[in-house]
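Since the structure comes first, as C-alpha coordinates, the remarks are kept for the end.
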There are 2 protein chains.
Amino acid sequence: MTQLTDHPKLGRKRDPSRDGDILDAALDVLAEVGYEGMTIDMVAARAKAGKATLYRRWASKELLVIDAVACMKQLDVDPAALPDTGTLRGDLVAMIKPKAMEDGGKKLRIMAGLMSMLSRDPSLAETAHSTIMEPRAAVNRMFLQRAIDRGEIAADTDVDMIAQVGQSMAAYRTIMLRKPITPEFLLSIIDNVILPAVGLGPQK
Amino acid sequence: MTQLTDHPKLGRKRDPSRDGDILDAALDVLAEVGYEGMTIDMVAARAKAGKATLYRRWASKELLVIDAVACMKQLDVDPAALPDTGTLRGDLVAMIKPKAMEDGGKKLRIMAGLMSMLSRDPSLAETAHSTIMEPRAAVNRMFLQRAIDRGEIAADTDVDMIAQVGQSMAAYRTIMLRKPITPEFLLSIIDNVILPAVGLGPQK
DNA sequence: TATATACGGAACTTCACAGTTTCGGATATA
DNA sequence: TATATCCGAAACTGTGAAGTTCCGTATATA
(Lines give C-alpha, C1' and ligand atoms only; values in the text may rest on other atoms or scores of the structure.)
Protein backbone atom coordinates (compact mmCIF):
# COMPACT_ATOMS: atom_id res chain seq x y z
CA MET A 1 0.00 0.00 0.00
CA THR A 2 1.77 3.11 -1.22
CA GLN A 3 1.06 6.72 -0.31
CA LEU A 4 -0.75 8.67 -3.00
CA THR A 5 0.94 12.05 -3.32
CA ASP A 6 0.17 15.24 -5.20
CA HIS A 7 3.14 17.56 -5.34
CA PRO A 8 2.71 19.62 -8.52
CA LYS A 9 6.06 21.33 -8.11
CA LEU A 10 8.05 18.12 -7.97
CA GLY A 11 9.17 15.76 -10.70
CA ARG A 12 10.10 16.03 -14.36
CA LYS A 13 8.14 18.70 -16.22
CA ARG A 14 5.89 17.81 -19.14
CA ASP A 15 7.68 18.74 -22.36
CA PRO A 16 5.39 21.28 -24.10
CA SER A 17 7.03 20.79 -27.48
CA ARG A 18 5.65 17.23 -27.64
CA ASP A 19 2.12 18.60 -27.97
CA GLY A 20 2.82 20.19 -31.33
CA ASP A 21 4.72 17.17 -32.60
CA ILE A 22 1.85 14.87 -31.70
CA LEU A 23 -0.84 17.16 -33.14
CA ASP A 24 1.15 17.49 -36.37
CA ALA A 25 1.52 13.72 -36.56
CA ALA A 26 -2.21 13.34 -36.00
CA LEU A 27 -2.98 15.73 -38.88
CA ASP A 28 -0.55 13.90 -41.16
CA VAL A 29 -2.12 10.52 -40.42
CA LEU A 30 -5.60 12.01 -40.67
CA ALA A 31 -4.86 13.39 -44.13
CA GLU A 32 -3.43 10.06 -45.26
CA VAL A 33 -5.88 7.46 -43.97
CA GLY A 34 -8.82 9.38 -42.47
CA TYR A 35 -10.25 9.25 -38.97
CA GLU A 36 -11.41 5.64 -39.11
CA GLY A 37 -8.18 4.40 -40.63
CA MET A 38 -6.07 6.28 -38.13
CA THR A 39 -4.88 4.37 -35.07
CA ILE A 40 -3.35 5.83 -31.94
CA ASP A 41 -0.33 3.62 -32.54
CA MET A 42 0.20 5.22 -35.95
CA VAL A 43 0.14 8.71 -34.45
CA ALA A 44 2.45 7.71 -31.60
CA ALA A 45 4.90 6.06 -33.99
CA ARG A 46 4.85 9.07 -36.33
CA ALA A 47 5.54 11.44 -33.43
CA LYS A 48 8.11 9.03 -31.93
CA ALA A 49 6.08 9.12 -28.72
CA GLY A 50 4.69 6.48 -26.40
CA LYS A 51 0.98 5.81 -26.43
CA ALA A 52 0.89 6.62 -22.72
CA THR A 53 2.21 10.11 -23.49
CA LEU A 54 -0.72 10.71 -25.82
CA TYR A 55 -3.28 9.55 -23.28
CA ARG A 56 -1.60 11.64 -20.56
CA ARG A 57 -2.50 14.71 -22.70
CA TRP A 58 -5.76 13.78 -24.45
CA ALA A 59 -8.47 11.60 -22.97
CA SER A 60 -9.42 9.92 -26.24
CA LYS A 61 -8.65 9.61 -29.94
CA GLU A 62 -11.66 11.79 -30.65
CA LEU A 63 -10.48 14.64 -28.39
CA LEU A 64 -6.99 14.42 -29.87
CA VAL A 65 -8.33 14.89 -33.39
CA ILE A 66 -10.65 17.72 -32.35
CA ASP A 67 -7.72 19.50 -30.74
CA ALA A 68 -5.50 18.88 -33.75
CA VAL A 69 -8.05 20.47 -36.08
CA ALA A 70 -8.63 23.40 -33.75
CA CYS A 71 -4.88 24.07 -33.52
CA MET A 72 -4.01 23.84 -37.22
CA LYS A 73 -3.54 27.56 -37.72
CA GLN A 74 -0.03 27.04 -39.06
CA LEU A 75 -1.34 26.24 -42.53
CA ASP A 76 -3.11 29.57 -42.77
CA VAL A 77 -2.09 32.16 -45.31
CA ASP A 78 -0.12 35.12 -44.04
CA PRO A 79 -2.51 38.07 -44.52
CA ALA A 80 0.38 40.46 -45.10
CA ALA A 81 1.67 38.35 -47.99
CA LEU A 82 -1.60 38.48 -49.95
CA PRO A 83 -1.34 39.78 -53.49
CA ASP A 84 -2.77 43.15 -54.49
CA THR A 85 -2.22 43.39 -58.23
CA GLY A 86 -4.86 45.95 -59.08
CA THR A 87 -7.16 43.54 -60.95
CA LEU A 88 -9.39 40.77 -59.70
CA ARG A 89 -7.92 38.29 -62.14
CA GLY A 90 -4.40 39.30 -61.15
CA ASP A 91 -5.15 38.71 -57.47
CA LEU A 92 -6.84 35.34 -58.08
CA VAL A 93 -4.10 34.10 -60.43
CA ALA A 94 -1.42 35.24 -57.99
CA MET A 95 -2.81 32.74 -55.47
CA ILE A 96 -1.86 29.86 -57.78
CA LYS A 97 1.50 29.06 -56.18
CA PRO A 98 3.02 25.65 -55.37
CA LYS A 99 3.16 26.36 -51.63
CA ALA A 100 -0.43 27.58 -51.38
CA MET A 101 -1.70 24.72 -53.53
CA GLU A 102 0.16 22.16 -51.43
CA ASP A 103 -1.20 23.58 -48.17
CA GLY A 104 -4.68 23.80 -49.64
CA GLY A 105 -4.46 20.22 -50.83
CA LYS A 106 -3.44 18.98 -47.42
CA LYS A 107 -6.26 20.93 -45.78
CA LEU A 108 -8.76 19.33 -48.12
CA ARG A 109 -7.38 15.86 -47.45
CA ILE A 110 -7.70 16.55 -43.71
CA MET A 111 -11.28 17.67 -44.32
CA ALA A 112 -11.93 14.45 -46.22
CA GLY A 113 -10.52 12.46 -43.34
CA LEU A 114 -12.81 14.23 -40.88
CA MET A 115 -15.93 13.57 -42.95
CA SER A 116 -17.12 10.58 -40.93
CA MET A 117 -16.87 12.52 -37.66
CA LEU A 118 -18.81 15.56 -38.82
CA SER A 119 -22.24 14.00 -38.41
CA ARG A 120 -21.46 12.77 -34.90
CA ASP A 121 -20.00 16.07 -33.69
CA PRO A 122 -21.65 19.20 -35.11
CA SER A 123 -19.29 21.45 -33.19
CA LEU A 124 -16.36 19.79 -34.97
CA ALA A 125 -18.10 20.43 -38.28
CA GLU A 126 -18.20 24.11 -37.31
CA THR A 127 -14.56 24.15 -36.18
CA ALA A 128 -13.35 22.28 -39.25
CA HIS A 129 -15.19 24.61 -41.56
CA SER A 130 -13.96 27.80 -39.92
CA THR A 131 -10.39 26.49 -39.67
CA ILE A 132 -10.03 24.69 -42.98
CA MET A 133 -12.44 26.11 -45.54
CA GLU A 134 -13.31 29.59 -44.32
CA PRO A 135 -9.87 31.27 -44.38
CA ARG A 136 -9.46 30.80 -48.14
CA ALA A 137 -13.03 31.94 -48.81
CA ALA A 138 -12.29 35.05 -46.73
CA VAL A 139 -9.37 35.83 -49.03
CA ASN A 140 -11.64 35.56 -52.06
CA ARG A 141 -14.19 37.83 -50.38
CA MET A 142 -11.48 40.42 -49.86
CA PHE A 143 -10.40 40.25 -53.50
CA LEU A 144 -14.02 40.65 -54.62
CA GLN A 145 -14.68 43.54 -52.24
CA ARG A 146 -11.58 45.35 -53.48
CA ALA A 147 -12.76 44.83 -57.05
CA ILE A 148 -16.12 46.33 -56.12
CA ASP A 149 -14.45 49.25 -54.36
CA ARG A 150 -12.34 50.11 -57.40
CA GLY A 151 -15.38 49.78 -59.66
CA GLU A 152 -14.06 46.77 -61.52
CA ILE A 153 -17.17 44.68 -60.89
CA ALA A 154 -20.79 45.45 -60.00
CA ALA A 155 -21.58 46.50 -56.44
CA ASP A 156 -24.48 44.05 -56.20
CA THR A 157 -22.23 41.05 -56.86
CA ASP A 158 -23.11 38.15 -54.51
CA VAL A 159 -19.70 38.19 -52.87
CA ASP A 160 -20.41 35.40 -50.35
CA MET A 161 -21.64 33.01 -53.02
CA ILE A 162 -18.93 33.75 -55.61
CA ALA A 163 -16.20 33.45 -52.97
CA GLN A 164 -17.35 29.88 -52.31
CA VAL A 165 -17.28 28.72 -55.93
CA GLY A 166 -13.57 28.00 -56.11
CA GLN A 167 -13.52 26.35 -52.69
CA SER A 168 -16.48 24.16 -53.53
CA MET A 169 -15.13 23.00 -56.86
CA ALA A 170 -11.66 22.32 -55.49
CA ALA A 171 -13.13 20.36 -52.56
CA TYR A 172 -15.38 18.43 -54.93
CA ARG A 173 -12.45 17.53 -57.15
CA THR A 174 -10.13 16.52 -54.31
CA ILE A 175 -12.59 14.69 -52.11
CA MET A 176 -15.15 13.18 -54.48
CA LEU A 177 -13.19 12.75 -57.68
CA ARG A 178 -9.87 12.09 -55.92
CA LYS A 179 -8.15 14.03 -58.68
CA PRO A 180 -5.25 16.41 -58.02
CA ILE A 181 -5.67 20.17 -58.13
CA THR A 182 -3.59 21.52 -61.01
CA PRO A 183 -2.84 25.11 -62.00
CA GLU A 184 -4.81 24.47 -65.21
CA PHE A 185 -7.86 23.48 -63.20
CA LEU A 186 -7.66 26.59 -61.02
CA LEU A 187 -7.15 28.83 -64.07
CA SER A 188 -10.16 27.23 -65.67
CA ILE A 189 -12.31 28.03 -62.64
CA ILE A 190 -11.12 31.62 -62.66
CA ASP A 191 -11.48 32.27 -66.40
CA ASN A 192 -14.52 30.13 -67.21
CA VAL A 193 -16.62 30.50 -64.07
CA ILE A 194 -15.68 33.20 -61.58
CA LEU A 195 -14.71 36.04 -63.92
CA PRO A 196 -17.65 35.49 -66.30
CA ALA A 197 -19.95 35.29 -63.27
CA VAL A 198 -18.88 38.77 -62.13
CA GLY A 199 -19.20 40.19 -65.64
CA LEU A 200 -15.49 40.10 -66.49
CA GLY A 201 -15.69 37.78 -69.48
CA PRO A 202 -13.07 37.85 -72.25
CA GLN A 203 -14.65 41.11 -73.51
CA LYS A 204 -16.19 39.35 -76.45
CA MET B 1 -19.04 -37.71 -41.84
CA THR B 2 -21.97 -36.61 -43.96
CA GLN B 3 -22.29 -36.77 -47.72
CA LEU B 4 -21.75 -33.42 -49.42
CA THR B 5 -24.47 -33.01 -52.03
CA ASP B 6 -24.95 -30.55 -54.88
CA HIS B 7 -28.43 -30.74 -56.32
CA PRO B 8 -29.09 -27.28 -57.73
CA LYS B 9 -32.66 -28.18 -58.75
CA LEU B 10 -33.70 -29.25 -55.27
CA GLY B 11 -34.69 -27.26 -52.23
CA ARG B 12 -36.33 -23.90 -51.55
CA LYS B 13 -35.45 -21.23 -54.11
CA ARG B 14 -33.64 -18.09 -53.06
CA ASP B 15 -36.14 -15.22 -52.89
CA PRO B 16 -34.84 -12.63 -55.40
CA SER B 17 -36.91 -9.82 -53.89
CA ARG B 18 -34.80 -9.95 -50.73
CA ASP B 19 -31.79 -8.61 -52.67
CA GLY B 20 -33.45 -5.27 -53.34
CA ASP B 21 -34.76 -4.98 -49.80
CA ILE B 22 -31.30 -5.59 -48.37
CA LEU B 23 -29.54 -3.23 -50.79
CA ASP B 24 -32.09 -0.50 -50.02
CA ALA B 25 -31.58 -1.03 -46.30
CA ALA B 26 -27.82 -0.81 -46.81
CA LEU B 27 -28.17 2.53 -48.64
CA ASP B 28 -30.46 3.87 -45.91
CA VAL B 29 -28.02 2.95 -43.15
CA LEU B 30 -25.10 4.22 -45.22
CA ALA B 31 -26.76 7.60 -45.66
CA GLU B 32 -27.51 7.82 -41.95
CA VAL B 33 -24.31 6.69 -40.22
CA GLY B 34 -21.70 6.22 -42.97
CA TYR B 35 -19.69 3.14 -43.88
CA GLU B 36 -17.73 2.95 -40.63
CA GLY B 37 -20.80 3.50 -38.47
CA MET B 38 -22.82 0.93 -40.37
CA THR B 39 -22.95 -2.59 -38.95
CA ILE B 40 -24.22 -5.68 -40.71
CA ASP B 41 -26.68 -6.15 -37.86
CA MET B 42 -28.16 -2.72 -38.57
CA VAL B 43 -28.68 -3.58 -42.24
CA ALA B 44 -30.15 -6.99 -41.44
CA ALA B 45 -32.52 -5.50 -38.85
CA ARG B 46 -33.60 -2.73 -41.24
CA ALA B 47 -34.32 -5.28 -43.99
CA LYS B 48 -35.92 -7.70 -41.48
CA ALA B 49 -33.46 -10.31 -42.67
CA GLY B 50 -31.09 -12.69 -40.94
CA LYS B 51 -27.38 -11.97 -41.03
CA ALA B 52 -26.83 -15.38 -42.61
CA THR B 53 -29.06 -14.35 -45.51
CA LEU B 54 -26.82 -11.35 -46.18
CA TYR B 55 -23.65 -13.42 -46.11
CA ARG B 56 -25.24 -16.06 -48.35
CA ARG B 57 -25.51 -13.31 -51.02
CA TRP B 58 -22.49 -11.06 -50.42
CA ALA B 59 -19.14 -12.25 -49.17
CA SER B 60 -18.40 -9.18 -47.06
CA LYS B 61 -19.70 -5.86 -45.83
CA GLU B 62 -17.48 -4.13 -48.36
CA LEU B 63 -18.89 -6.06 -51.32
CA LEU B 64 -22.44 -5.45 -50.10
CA VAL B 65 -21.88 -1.70 -50.07
CA ILE B 66 -20.16 -1.71 -53.46
CA ASP B 67 -23.08 -3.61 -54.93
CA ALA B 68 -25.60 -1.32 -53.24
CA VAL B 69 -23.97 1.75 -54.77
CA ALA B 70 -23.70 0.13 -58.19
CA CYS B 71 -27.40 -0.83 -58.13
CA MET B 72 -28.84 2.49 -56.94
CA LYS B 73 -30.27 3.47 -60.31
CA GLN B 74 -33.74 3.88 -58.82
CA LEU B 75 -32.90 7.36 -57.59
CA ASP B 76 -32.04 8.52 -61.09
CA VAL B 77 -34.11 11.10 -62.87
CA ASP B 78 -36.44 9.86 -65.56
CA PRO B 79 -34.93 11.34 -68.76
CA ALA B 80 -38.37 11.60 -70.38
CA ALA B 81 -39.64 13.73 -67.49
CA LEU B 82 -36.93 16.39 -67.87
CA PRO B 83 -38.18 19.94 -68.37
CA ASP B 84 -37.80 21.74 -71.69
CA THR B 85 -39.10 25.22 -71.07
CA GLY B 86 -37.33 27.04 -73.87
CA THR B 87 -34.96 29.01 -71.63
CA LEU B 88 -31.93 27.90 -69.65
CA ARG B 89 -33.22 29.54 -66.50
CA GLY B 90 -36.62 27.91 -66.98
CA ASP B 91 -35.05 24.47 -67.29
CA LEU B 92 -32.78 24.93 -64.27
CA VAL B 93 -35.54 26.36 -62.07
CA ALA B 94 -37.88 23.56 -63.12
CA MET B 95 -35.49 21.08 -61.50
CA ILE B 96 -36.16 22.63 -58.09
CA LYS B 97 -38.87 20.19 -56.99
CA PRO B 98 -39.34 18.55 -53.57
CA LYS B 99 -38.90 15.04 -54.97
CA ALA B 100 -35.74 15.82 -56.91
CA MET B 101 -34.26 17.73 -53.96
CA GLU B 102 -35.03 14.89 -51.57
CA ASP B 103 -33.44 12.31 -53.86
CA GLY B 104 -30.46 14.55 -54.44
CA GLY B 105 -30.04 15.06 -50.71
CA LYS B 106 -30.08 11.35 -50.05
CA LYS B 107 -27.56 10.75 -52.82
CA LEU B 108 -25.22 13.29 -51.30
CA ARG B 109 -25.57 11.76 -47.84
CA ILE B 110 -24.75 8.37 -49.34
CA MET B 111 -21.72 9.92 -51.01
CA ALA B 112 -20.67 11.38 -47.66
CA GLY B 113 -21.02 7.96 -46.05
CA LEU B 114 -18.81 6.41 -48.74
CA MET B 115 -16.04 8.96 -48.29
CA SER B 116 -13.85 6.82 -46.07
CA MET B 117 -13.94 3.94 -48.57
CA LEU B 118 -13.01 5.99 -51.62
CA SER B 119 -9.28 6.13 -50.90
CA ARG B 120 -9.11 2.39 -50.30
CA ASP B 121 -11.06 1.42 -53.41
CA PRO B 122 -10.49 3.66 -56.44
CA SER B 123 -12.94 1.67 -58.55
CA LEU B 124 -15.64 2.44 -55.99
CA ALA B 125 -14.75 6.11 -56.25
CA GLU B 126 -15.34 5.81 -59.99
CA THR B 127 -18.62 3.91 -59.55
CA ALA B 128 -19.90 6.28 -56.87
CA HIS B 129 -19.13 9.30 -58.97
CA SER B 130 -20.74 7.97 -62.13
CA THR B 131 -23.79 6.70 -60.25
CA ILE B 132 -24.32 9.48 -57.74
CA MET B 133 -22.84 12.72 -59.04
CA GLU B 134 -22.60 12.32 -62.79
CA PRO B 135 -26.29 11.87 -63.73
CA ARG B 136 -27.29 15.29 -62.43
CA ALA B 137 -24.29 16.94 -64.08
CA ALA B 138 -25.31 15.27 -67.34
CA VAL B 139 -28.73 16.91 -67.04
CA ASN B 140 -27.08 20.29 -66.62
CA ARG B 141 -24.86 19.65 -69.62
CA MET B 142 -27.94 18.89 -71.69
CA PHE B 143 -29.64 22.12 -70.58
CA LEU B 144 -26.51 24.09 -71.45
CA GLN B 145 -26.09 22.42 -74.83
CA ARG B 146 -29.70 23.14 -75.72
CA ALA B 147 -29.15 26.77 -74.73
CA ILE B 148 -26.13 26.89 -77.02
CA ASP B 149 -28.06 25.25 -79.86
CA ARG B 150 -30.84 27.81 -79.65
CA GLY B 151 -28.32 30.64 -79.48
CA GLU B 152 -29.25 31.64 -75.96
CA ILE B 153 -25.65 31.45 -74.69
CA ALA B 154 -22.22 31.57 -76.30
CA ALA B 155 -21.02 28.50 -78.18
CA ASP B 156 -17.65 28.58 -76.45
CA THR B 157 -19.21 28.23 -72.98
CA ASP B 158 -17.24 25.74 -70.83
CA VAL B 159 -20.17 23.36 -70.52
CA ASP B 160 -18.37 20.70 -68.48
CA MET B 161 -17.15 23.19 -65.92
CA ILE B 162 -20.40 25.14 -65.59
CA ALA B 163 -22.41 21.93 -65.28
CA GLN B 164 -20.37 21.02 -62.20
CA VAL B 165 -20.87 24.30 -60.36
CA GLY B 166 -24.28 23.48 -58.90
CA GLN B 167 -23.25 19.94 -57.99
CA SER B 168 -20.10 21.11 -56.29
CA MET B 169 -21.77 23.82 -54.27
CA ALA B 170 -24.64 21.59 -53.21
CA ALA B 171 -22.24 18.83 -52.20
CA TYR B 172 -20.10 21.33 -50.31
CA ARG B 173 -23.12 22.63 -48.43
CA THR B 174 -24.56 19.21 -47.60
CA ILE B 175 -21.38 17.37 -46.73
CA MET B 176 -19.03 20.00 -45.32
CA LEU B 177 -21.41 22.57 -43.88
CA ARG B 178 -24.08 20.01 -42.96
CA LYS B 179 -26.70 22.55 -43.92
CA PRO B 180 -29.88 21.62 -45.78
CA ILE B 181 -30.37 22.39 -49.46
CA THR B 182 -33.23 24.88 -49.77
CA PRO B 183 -34.97 26.21 -52.88
CA GLU B 184 -33.58 29.64 -52.01
CA PHE B 185 -30.05 28.28 -52.03
CA LEU B 186 -30.53 26.62 -55.42
CA LEU B 187 -32.12 29.74 -56.87
CA SER B 188 -29.21 31.76 -55.60
CA ILE B 189 -26.75 29.47 -57.38
CA ILE B 190 -28.72 29.75 -60.60
CA ASP B 191 -29.26 33.53 -60.55
CA ASN B 192 -26.02 34.70 -58.91
CA VAL B 193 -23.49 32.24 -60.32
CA ILE B 194 -24.54 30.03 -63.22
CA LEU B 195 -26.58 32.47 -65.31
CA PRO B 196 -24.11 35.37 -64.86
CA ALA B 197 -21.29 32.96 -65.73
CA VAL B 198 -22.90 32.16 -69.10
CA GLY B 199 -23.61 35.82 -69.82
CA LEU B 200 -27.28 35.75 -68.83
CA GLY B 201 -27.15 38.29 -66.02
CA PRO B 202 -30.19 40.35 -65.03
CA GLN B 203 -29.68 42.41 -68.21
CA LYS B 204 -28.30 45.31 -66.24
C1' DT C 1 20.61 12.59 -3.01
C1' DA C 2 15.72 11.29 -2.18
C1' DT C 3 11.26 12.00 -4.20
C1' DA C 4 8.01 12.72 -7.76
C1' DT C 5 6.79 12.89 -12.28
C1' DA C 6 7.53 12.64 -17.54
C1' DC C 7 9.35 9.98 -21.14
C1' DG C 8 9.29 5.91 -24.91
C1' DG C 9 8.24 1.22 -25.31
C1' DA C 10 5.75 -2.84 -24.74
C1' DA C 11 2.58 -5.99 -22.56
C1' DC C 12 -1.95 -6.24 -21.22
C1' DT C 13 -7.25 -5.80 -20.94
C1' DT C 14 -11.58 -4.77 -22.91
C1' DC C 15 -14.93 -4.41 -26.34
C1' DA C 16 -17.43 -3.82 -30.63
C1' DC C 17 -18.17 -5.81 -34.72
C1' DA C 18 -17.18 -8.94 -38.91
C1' DG C 19 -18.08 -13.21 -40.04
C1' DT C 20 -19.77 -18.35 -38.83
C1' DT C 21 -22.62 -21.77 -37.13
C1' DT C 22 -26.81 -23.66 -35.45
C1' DC C 23 -31.59 -23.82 -34.91
C1' DG C 24 -36.73 -24.54 -36.00
C1' DG C 25 -39.64 -23.60 -39.66
C1' DA C 26 -40.91 -22.76 -44.69
C1' DT C 27 -40.84 -24.11 -49.53
C1' DA C 28 -39.30 -26.19 -53.52
C1' DT C 29 -38.27 -30.69 -56.43
C1' DA C 30 -38.75 -35.62 -57.35
C1' DT D 1 -43.38 -37.63 -48.44
C1' DA D 2 -38.26 -37.55 -48.43
C1' DT D 3 -34.61 -34.46 -49.52
C1' DA D 4 -32.36 -30.20 -50.16
C1' DT D 5 -32.18 -25.57 -49.71
C1' DC D 6 -33.98 -21.28 -48.23
C1' DC D 7 -35.56 -18.20 -44.42
C1' DG D 8 -35.04 -15.19 -39.81
C1' DA D 9 -33.19 -15.40 -35.29
C1' DA D 10 -29.74 -15.94 -32.12
C1' DA D 11 -25.57 -17.87 -30.15
C1' DC D 12 -20.89 -18.18 -31.03
C1' DT D 13 -15.82 -17.13 -32.53
C1' DG D 14 -11.96 -14.26 -33.96
C1' DT D 15 -9.72 -9.99 -34.47
C1' DG D 16 -8.18 -5.34 -34.46
C1' DA D 17 -7.87 -1.28 -32.12
C1' DA D 18 -8.98 1.81 -27.98
C1' DG D 19 -7.46 2.48 -23.74
C1' DT D 20 -4.53 0.93 -19.35
C1' DT D 21 -0.67 -0.54 -16.80
C1' DC D 22 4.02 -1.39 -16.02
C1' DC D 23 8.86 -0.93 -16.95
C1' DG D 24 13.55 1.20 -17.13
C1' DT D 25 15.22 5.69 -17.81
C1' DA D 26 15.50 10.82 -17.75
C1' DT D 27 14.85 15.14 -15.40
C1' DA D 28 12.97 18.22 -12.30
C1' DT D 29 12.50 20.05 -7.09
C1' DA D 30 13.87 20.24 -2.27
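Proteins come first, then strands; the chains are lettered A, B, ... in the order of their sequence lines, and each starts at number 1. These values consider heavy atoms only, across backbone and side chains, with no hydrogens, waters or symmetry-generated copies. On a predicted model such as this, the values are computed, not experimentally measured, just so you know.
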**Prompt:** Which pair of non-hydrogen atoms, one from Val69(A) and one from Thr131(A), has the smallest distance, and what is that distance?
**Reply:**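 Scanning both residues completely, I find the closest heavy atoms to be O-CG2, 3.4 Å.
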**Short side-chain N/O contact to dG8(C) OP1/OP2 from Arg18(A), under 4.0 Å** =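 True: Arg18(A) side-chain N/O within range (under 4.0 Å) of dG8(C) OP1/OP2.
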**Message:** Any side-chain N or O of Thr53(A) below 4.0 angstrom from OP1/OP2 of dG8(C)?
**Reply:**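 Thr53(A) to dG8(C) OP1/OP2: side-chain N or O found under 4.0 Å.
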**Message:** Salt bridge check, Lys107(B) against Asp103(B): does any charged N sit closer than 4.0 Å to a carboxylate O?
**Reply:**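 No.
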Quick one about [Y] and [X] (side-chain donor to acceptor, distance below 3.5 Å, no hydrogens or angles considered), yes or no?
X: Gln145(B); Y: Asp149(B); result: yes
X: Asp121(A); Y: Ser123(A); result: yes
X: Ser116(B); Y: Glu36(B); result: yes

From the set [options], return the single nucleotide nearest to any side-chain atom of [X].
X: Tyr55(A); options: dA18(D), dA4(C), dT22(C); answer: dA18(D)
X: Arg12(A); options: dA4(D), dA26(D), dT22(C); answer: dA26(D)
X: Arg56(A); options: dA28(C), dA6(C), dA4(D); answer: dA6(C)
X: Ala52(A); options: dA4(C), dG9(C), dA18(D); answer: dG9(C)

**Of residues 60-70 of chain B, the positions that come close to DNA chain C - non-hydrogen atoms, cut-off under 4.0 Å** =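 The stretch gives Ser60(B), Lys61(B) as the residues lying under 4.0 Å from the strand, ordered by number.
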**Request:** Give one of base, sugar-phosphate or nothing for Lys51(B), where a contact means two heavy atoms less than 4.0 Å apart.
**Result:**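 Counting heavy atoms under 4.0 Å across all strands, the contact made by Lys51(B) includes a base.
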**Prompt:** For Met42(A), which contact category applies under a 4.0 Å heavy-atom criterion: base, sugar-phosphate, or nothing?
**Reply:**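 Result for Met42(A) = nothing.
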**Message:** I need the CZ-C1' distance between Arg14(B) and dT29(C), as an integer number of Å.
**Reply:**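 Answer to the nearest Å: 17 Å.
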